[in-house]
S.K.: 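Below you will find the structure I want to go over with you.
Since we're looking at a predicted model, the values are computed, not measured. Convention: sequence-line order gives letters A, B, ...; per-chain numbering from 1.
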Amino acid sequence: NAGVTQTPKFRILKIGQSMTLQCTQDMNHNYMYWYRQDPGMGLKLIYYSVGAGITDKGEVPNGYNVSRSTTEDFPLRLELAAPSQTSVYFCASRLQSTEAFFGQGTRLTVV
Amino acid sequence: RKEVEQDPGPFNVPEGATVAFNCTYSNSASQSFFWYRQDCRKEPKLLMSVYSSGNEDGRFTAQLNRASQYISLLIRDSKLSDSATYLCVVNPNTGGFKTIFGAGTRLFVKA
């Protein structure tokens, strides 16, 4: 049972490049989330999804897009990378009333 | 008012000390409560759920006060390995899709 798996673990992007952060879970969780965490700061919600085909914005959605075509996968897309998007990105999933499970994170640097 | 508020600390305590953290939440309809632990540069991991009757897991005790809308975490006989950031987490009931994380309380346990 792998839980929540994020890829890649590390990435360096140049300004203006695009990339997709992958997140997949094998626990059949309906709720999935993307957070970013800047150094010394708390988690900020980027986007979330309550099921396949349904997504919604969190606190800081600008510059990001998501899709949820299956229950298992919730990729996060950066279209035009900016230095302000340098951060650690965490994907999480849960059932309705249970705790959230996190992936190990993707450390992204935009230069 | 933030949905979930925690004292950011840091709390600096000697080994063997007892330390307590509080967390307040604004949504009185919130149903599920948790404490997570986050080590530096790692993903948050569930420490314990918080039940209405209070619950204990070894040196850790969590309590919920619905009337005053706060939860607490007590750590007895602190160990060096307890040094981490402790996150208070709330799952709201109404429209309960978003898992709300506090910004975290930093704990340093010193020899």
Side-chain angles (χ1 to χ4, degrees), chain A residues 2-7 9-10 21 23 25 27 29-51 54-61 66 68 74 86-109, chain B residues 2-10 21 23-25 27 29-52 55 57 60 62 64 71 73 84-108:
Chain A
V4 180
T5 302
Q6 289 183 238
T7 56
K9 287 189 169 53
F10 305 92
L21 282 67
C23 175
Q25 52 92 9
M27 298 173 282
H29 287 173
N30 43 350
Y31 299 163
M32 294 189 74
Y33 306 84
W34 274 106
Y35 296 90
R36 61 175 287 173
Q37 187 174 34
D38 299 327
M41 305 296 286
L43 297 166
K44 292 185 178 178
L45 181 63
I46 306 171
Y47 270 95
Y48 66 98
S49 169
V50 301
I54 306 170
T55 62
D56 209 346
K57 296 177 180 179
E59 304 170 69
V60 290
V66 294
R68 184 96 182 268
F74 189 40
T86 294
S87 190
V88 180
Y89 292 84
F90 290 108
C91 177
S93 72
R94 68 174 175 95
L95 293 172
Q96 183 166 357
S97 298
T98 66
E99 71 273 22
F101 295 81
F102 283 81
Q104 291 185 313
T106 295
R107 283 173 176 72
L108 176 66
T109 302
Chain B
K2 290 183 181 178
E3 292 179 272
V4 175
E5 291 199 74
Q6 294 182 250
D7 180 345
F21 309 136
C23 164
T24 59
Y25 59 94
N27 185 345
S30 297
Q31 291 296 311
S32 306
F33 308 89
F34 309 93
W35 282 103
Y36 276 69
R37 169 191 172 128
Q38 186 175 25
D39 294 299
C40 188
R41 301 175 67 80
K42 298 285 190 180
E43 74 274 22
K45 292 184 178 178
L46 178 69
L47 178 65
M48 58 196 306
S49 302
V50 186
Y51 303 119
S52 298
N55 49 302
D57 182 2
F60 299 86
L64 167 63
I71 66 173
L73 177 68
T85 297
Y86 291 84
L87 306 174
C88 168
V89 183
V90 175
N91 283 351
N93 182 37
T94 55
F97 306 132
K98 298 181 187 179
T99 296
I100 311 297
F101 284 81
T105 298
R106 296 192 73 182
L107 171 67
F108 294 101

S.K.: Checking B/Gln38 against A/Gln37: is there a side-chain donor and acceptor pair closer than 3.5 Å?
M.R.: yes
S.K.: Over 60° means perpendicular and under 30° means parallel, so tell me whether A/Phe74 and A/Trp34 are parallel, tilted or perpendicular.
M.R.: tilted
S.K.: For B/Arg106, which atoms come within 4.5 Å of any heavy atom of chain A: side chain, backbone, both, or neither?
M.R.: neither
S.K.: Pick one of side chain, backbone, both or neither for A/Ser49, based on which atoms fall under 4.5 Å of a heavy atom in chain B.
M.R.: neither
S.K.: Tell me whether the centres of the aromatic rings in A/Phe90 and B/Tyr36 are closer together than 6.0 Å.
M.R.: no
S.K.: Between atom CG of B/Leu46 and atom CG of B/Leu87, what is the distance when rounded to the nearest 0.5 Å?
M.R.: 11.0 Å
S.K.: Need one label for A/Val50: side chain, backbone, both or neither, based on atoms under 4.5 Å from any heavy atom in chain B.
M.R.: side chain
S.K.: Students often mix this up, so state it plainly: with edges at 30° and 60°, are the rings of B/Phe33 and B/Tyr25 parallel, tilted or perpendicular?
M.R.: tilted
S.K.: Who wins among B/Ala103, B/Ser32, B/Pro44 for the most heavy-atom pairs under 4.5 Å with chain A?
M.R.: B/Pro44
S.K.: Pull out the residues in residues 38-46 of chain A that come under 4.5 Å of chain B, heavy atom to heavy atom, sorted by number.
M.R.: A/Gly42, A/Leu43, A/Leu45
S.K.: Sub-3.5 Å donor-acceptor pair from the side chain of B/Glu3 to the main-chain atoms of B/Ile100, do we have one?
M.R.: no
S.K.: Side-chain contact, heavy-atom cut-off 4.5 Å: A/Tyr31 with A/Tyr48?
M.R.: no
S.K.: Look at the aromatic rings of B/Phe60 and B/Tyr86 and report parallel, tilted or perpendicular, splitting at 30° and 60°.
M.R.: tilted
